[in-house]
Novice: 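This is the structure, below, for whatever I ask next.
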Protein chains: 2
Amino acid sequence: MTKNNPSARDRIVAGAADMISRRGLNATSIRETAKHARAPLGSTYHYFPEGKQQLVTEAVRFTGEWTARSLRKELQAGPVAGLRAFLALWRKIVVESDFRAGCPVLAVSIEEPPTDETSAALAAAADVFTTWENLLADSLREHGVEPDQAAQLATLIVAAVEGTVAMCRAKHSTQPLDHTAEQLQALILATIKG
Amino acid sequence: MTKNNPSARDRIVAGAADMISRRGLNATSIRETAKHARAPLGSTYHYFPEGKQQLVTEAVRFTGEWTARSLRKELQAGPVAGLRAFLALWRKIVVESDFRAGCPVLAVSIEEPPTDETSAALAAAADVFTTWENLLADSLREHGVEPDQAAQLATLIVAAVEGTVAMCRAKHSTQPLDHTAEQLQALILATIKG
DNA sequence: AGTAGAATATGACAATTGTTATAGCCACAG
DNA sequence: CTGTGGCTATAACAATTGTCATATTCTACT
């Protein structure tokens with residue numbers, strides 16, 4: 001069998017995503033992710049033979065898919081509902097971690113890989129952002145927004161939410177999220193009706 | 001004399017800001033910042049007796065003030081001009097670094113300090129964000145925007161730009177910046193006139 | 001029961017980290 | 001000339017890093 005106990009591997013990935021979202025990419029060590037997932041260090045290199053790069057890449061994809069699932073589901077009730085779910089998702093992470101956790105995809109995006117090679121993790125982060133943008137853009141188009149407008153607005157939403165989460169962490173306050181929520185919601189409504 | 005050669009100290013701070021903006025907080029070592037600034041390691045601890053925490057805090061403040069100066073100047077020509085300058089500033093950094101550098105303030109915001117103590121660097125990052133927001137909000141108010149609206153929109157602008165810069169790095173493309181620029185500019189114009 | 005292969009345990013490797021200590025240099029004051 | 005103090009050089013420290021190698025346990029199928 002290739003995977004006897006899938007939950008062990010998954011626990012490592014989810015734990016890595018959580019740790020990256022708190023301490024950043026480089027401060028997240030394989031040893032601590034293993035400890036955090038109650039898995040032995042030896043197992044980590046068994047599950048992820050390509051090492052940290054592979055683990056990080058999977059952690060990014062994991063977060064991306066987990067978020068995309070929620071977004072896809074809530075967008076069925078329209079773009080504003082999708083936005084609200086997106087915001088609520090990150091607000092929950094920020095608040096429940098006492099402003100210590102954020103988005104691991106963002107964290108991976110802003111830490112240059114030590115080597116000059118193109119990083120698989122960075123490419124995964126780009127894919128995740130694009131996926132989120134496309135989900136939002138498609139929903140906007142379904143509600144009558146011009147294709148170009150929809151793509152632009154979708155980018156703005158993703159970027160603003162990511163930036164806002166980081167600002168909340170720095171300020172130890174959810175006020176930035178409140179501000180951004182209000183502005184984005186009004187903007188979506190205006191764009192749909194316009 | 002307290003400072004014989006001020007440029008040495010300043011070079012270390014500016015270099016630290018640059019390195020943090022590329023590799024993140026934890027991957028930026030004192031040794032390498034010293035090397036990057038052509039300053040000896042011993043000098044770094046001479047100039048920054050409180051160690052890395054102090055150096056990082058000053059790097060954040062340095063970036064904050066440097067950006068605020070540009071913002072303050074360009075905002076004299078109105079909020080849209082200010083936005084354009086703000087975007088151009090970060091676009092330059094992203095493009096000229098070949099998508100390897102971003103905003104050090106954001107980087108510091110998303111890396112939890114190892115200790116549980118409240119980090120001086122994180123507080124500095126919060127201050128910088130607030131400063132930028134206030135500059136934008138004041139300009140919006142001067143152009144007839146309601147105070148609450150102005151604060152909300154200012155938060156959105158800062159958050160969106162920070163998030164967009166990170167997305168550009170992941171995607172190795174300036175398209176996110178183009179999208180965000182278009183949307184934010186239209187939003188400011190609509191808000192002023194509305 | 002026996003055995004292949006997955007999973008774990010353990011230890012080592014060179015490299016790098018923040019920080020401190022100690023000694024030396026060099027300019028300028030008296 | 002003497003020496004005071006800002007700056008530099010160098011070495012060392014314990015801790016941690018990613019990674020690899022090896023040995024051992026466990027699991028599942030024949």
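Proteins come first, then strands; the chains are lettered A, B, ... in the order of their sequence lines, and each starts at number 1.
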Novice: Which value, rounded to the nearest 0.5 Å, describes the distance between I12(A) atom CD1 and H46(A) atom NE2?
Specialist: 10.0 Å

Novice: Can you tell which of dG18(C), dT17(D), dG6(D) lies closest to the side chain of S29(A)?
Specialist: dT17(D)

Novice: Given R31(B) and T44(B), is the side chain to side chain contact (heavy atoms under 4.5 Å, CB included) satisfied, shown in steps?
Specialist: CA-CA 9 Å; R31(B) 275 176 182 80; T44(B) 306; over 6 Å; no

Novice: Under 4.0 angstrom, heavy atoms only, what part of the nucleic acid is T33(B) near: base, sugar-phosphate, or nothing?
Specialist: nothing

Novice: Between dT17(C) atom P and L25(B) atom CG, what is the distance in whole Å?
Specialist: 13 Å

Novice: Between the protein and nucleotides 9-14 of chain C, which nitrogen or oxygen pairs are less than 3.5 angstrom apart?
Specialist:
{"from": "dA12(C)", "atom 1": "N6", "to": "R31(A)", "atom 2": "NH2", "distance (Å)": "3.0"}

Novice: Pairs in or reaching into residues 135-169 of chain B: which pass ring-ring contact (aromatic ring centres under 6.0 Å, His included), with residues at least two apart or in two chains?
Specialist: none

Novice: From NZ of K35(A) over to P of dG18(D), roughly how many Å is that when rounded to an integer?
Specialist: 12 Å

Novice: Can you tell me if the side-chain N/O atoms of Y47(A) get under 4.0 Å from OP1 or OP2 in dT8(C)?
Specialist: yes

Novice: Send over the distance from R38(A) CZ to dA7(C) C1', rounded to a whole Å.
Specialist: 18 Å

Novice: Please give, in whole Å, the distance from dT20(C) C1' to F48(B) CZ?
Specialist: 18 Å

Novice: For Q152(B) and Q183(A), does a side-chain donor sit closer than 3.5 Å to a side-chain acceptor?
Specialist: yes

Novice: Grab the CD1-P distance between I12(A) and dG18(D) for me, whole Å please.
Specialist: 14 Å

Novice: Roughly how many Å is it from OH in Y45(A) to P in dT19(D), rounded to a whole number?
Specialist: 4 Å

Novice: Which residue pairs pass the ring-ring contact (aromatic ring centres under 6.0 Å, His included) test with at least one member in residues 7-31 of chain A, sequence neighbours excluded?
Specialist: none

Novice: Which nucleotide in the set dT19(D), dT8(C), dG18(C) lies at the smallest distance from any side-chain heavy atom of K52(A)?
Specialist: dT19(D)

Novice: For S119(B) and Q53(B), which I'm curious about, is there any donor-acceptor pair between the side chains at under 3.5 Å?
Specialist: yes

Novice: Figure out the CG/C1' separation between N26(B) and dA15(D), and round it to whole Å.
Specialist: 15 Å

Novice: Go nucleotide by nucleotide along DNA chain C from the 5' end; which of T44(A) and G51(B) gets its closest nucleotide reached first?
Specialist: T44(A)

Novice: Where the side chain of E133(A) meets the backbone of A154(A), is there a donor-acceptor pair that is under 3.5 Å apart?
Specialist: no

Novice: Rounded off to whole Å, could you give me the NE2-to-C1' distance for the H46(A) and dT27(D) pair?
Specialist: 12 Å

